[in-house]
There are 2 protein chains.
Amino acid sequence: MTESSPEPDSRTRLARAAVDAFGARGFHGTTTRDISTAAGMSPAAMYVHHRSKEELLFELARVGHVRVLELARASVARSSDPVTQLGDLVEDFARDHAVSHTGARVINYELAALSDDHLAQIRAIRHDIDTVLRDVVSRGVASGVFSTPDPQMTSLAILSLGIDVARWYRDEGRWTPDEVAAHYRLLALRMVGASHDG
Amino acid sequence: MTESSPEPDSRTRLARAAVDAFGARGFHGTTTRDISTAAGMSPAAMYVHHRSKEELLFELARVGHVRVLELARASVARSSDPVTQLGDLVEDFARDHAVSHTGARVINYELAALSDDHLAQIRAIRHDIDTVLRDVVSRGVASGVFSTPDPQMTSLAILSLGIDVARWYRDEGRWTPDEVAAHYRLLALRMVGASHDG
DNA sequence: AGATGGTAAGCAAGCGCTTAGTCACTCGGC
DNA sequence: GCCGAGTGACTAAGCGCTTGCTTACCATCT
């Protein structure tokens, strides 16, 4: 848990302001002035730390995606049973997308604003995240504990379900992140036709 | 099936150009010149048919949402068995979001650009769509053919899954809309713990 | 004659980003 | 211990361009 009450440094304040602004109004709906003034600085301050508005978005997307990839790998590493692995992965993934819904919204729905080169780098990380999940599903199918006519599409659907939490989840909403996470674990296990719950 | 080769009228060309542009670059990333020139007209032409760029988006969102609501009602009306109803609804919903993925992307991910008043009108239609699905799930649970610890969250998840098809589906992709639809039918029925497939 | 659907030209505001400079701080040489 | 050169973070001002939208006008159809 990182402390948050003592005023963080400028780079951090800029990053947080950018996430909030991009999340609320989108990349193109956000001005560089929005970001810098929300961070308590002048319009030019952003350019001390980032070469352009697009590079700031890229930095947020890169860090955010790496974080999710590591989260996914850690979830899977805690067990060697596909049922537990899938359950843990989906639970952690869904919880994270509920807790960090604004950040997740930005890095999932603003990617079209990235340059071709930057987008390619992000897609590479996303591919790795896909692979973590797909491998778990494949191993479950191979060992007979999962049953699905199309493991690839089922994997995609499970990932899709988790990502979309970032779109609909609200802090003042009906469910806590843990409640969403627990239910999504069950849903994912049903989707793969798991014989028993993990 | 509407014909598309004979040049459609200006309003239609504007609407199509707007969907394409909003879908590709987002509302704020699209200029009024993008739209009107893509429709083969001068920059001012948009204002003959729409009061502002925001009202054009609202019109697209309104028509698109009404279309989906009617699609959902029609799917459910074809049967009185909850298993068949849910299967048909999810199948039609997923297929539609794959076929019309650009339009669906616009009306699901650009809503933040609407005025408060217009957003409220769209939310009302979305609420009706939610209700159609939730009623089917509730009736299935009540009659014992479905089994889920939280019918409301399960309904939301099924809807979420269908909407997110618009985000990831590509025309040049691995699956046809019908393949996605068929698989999503199965996934949804598993998610509600349906005793038998419909 | 009036309504309808369109254009050419352009305005005021806002945009991303740059420039030139200020300020607080660090650090090696004497 | 003190000093001047260098460094990194930041701002005031504003440039050149693009934005959404308006105005004045025109052509066609009823």
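Chain letters run A, B, ... following the sequence lines, proteins first, then strands; residues in each count from 1. Not measured: the values here are computed from a predicted model.
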Item to complete: Output yes when A/D150 and B/R174 qualify as a salt bridge under the 4.0 Å nitrogen-oxygen rule, no when they do not.
Response: no
Discussion item. Using a strict threshold of under 4.0 Å (side-chain N to carboxylate O), is an ion pair present between B/E70 and B/R73?
Written reply: no
[X] side chain to [Y] main-chain N or O, any donor-acceptor pair under 3.5 Å?
X	Y	value
A/E55	A/H50	no
A/D34	A/T31	yes
A/R33	A/P43	no

Worksheet item: How many Å lie between CG on A/L56 and P on C/dC17, as a whole number?
Response: 11 Å
Practice prompt. Give me the residues of residues 19-41 of chain A where at least one heavy atom lies under 4.0 Å from an atom of DNA chain D, by number, or none.
Written response: A/R33, A/M41
Worksheet item: Hey, can you pull the residues of residues 44-55 of chain B with a non-hydrogen atom under 4.0 angstrom from DNA chain D?
Response: B/A44, B/Y47, B/S52, B/K53
Minimal non-hydrogen separation, [X] against [Y], with atom names:
X	Y	answer
B/A94	B/A181	CB-CA, 4.2 Å
A/A113	A/F27	CB-CD2, 3.3 Å
B/V106	B/G23	CG2-N, 3.4 Å
A/R167	A/Y109	CB-OH, 3.6 Å

Discussion item. Please tell me whether A/D128 and A/H65 have a donor and an acceptor in their side chains that are separated by less than 3.5 angstrom.
Written reply: no
Could you list the protein-to-nucleotides 21-24 of chain C atom pairs, N/O on both sides, closer than 3.5 Å?
none

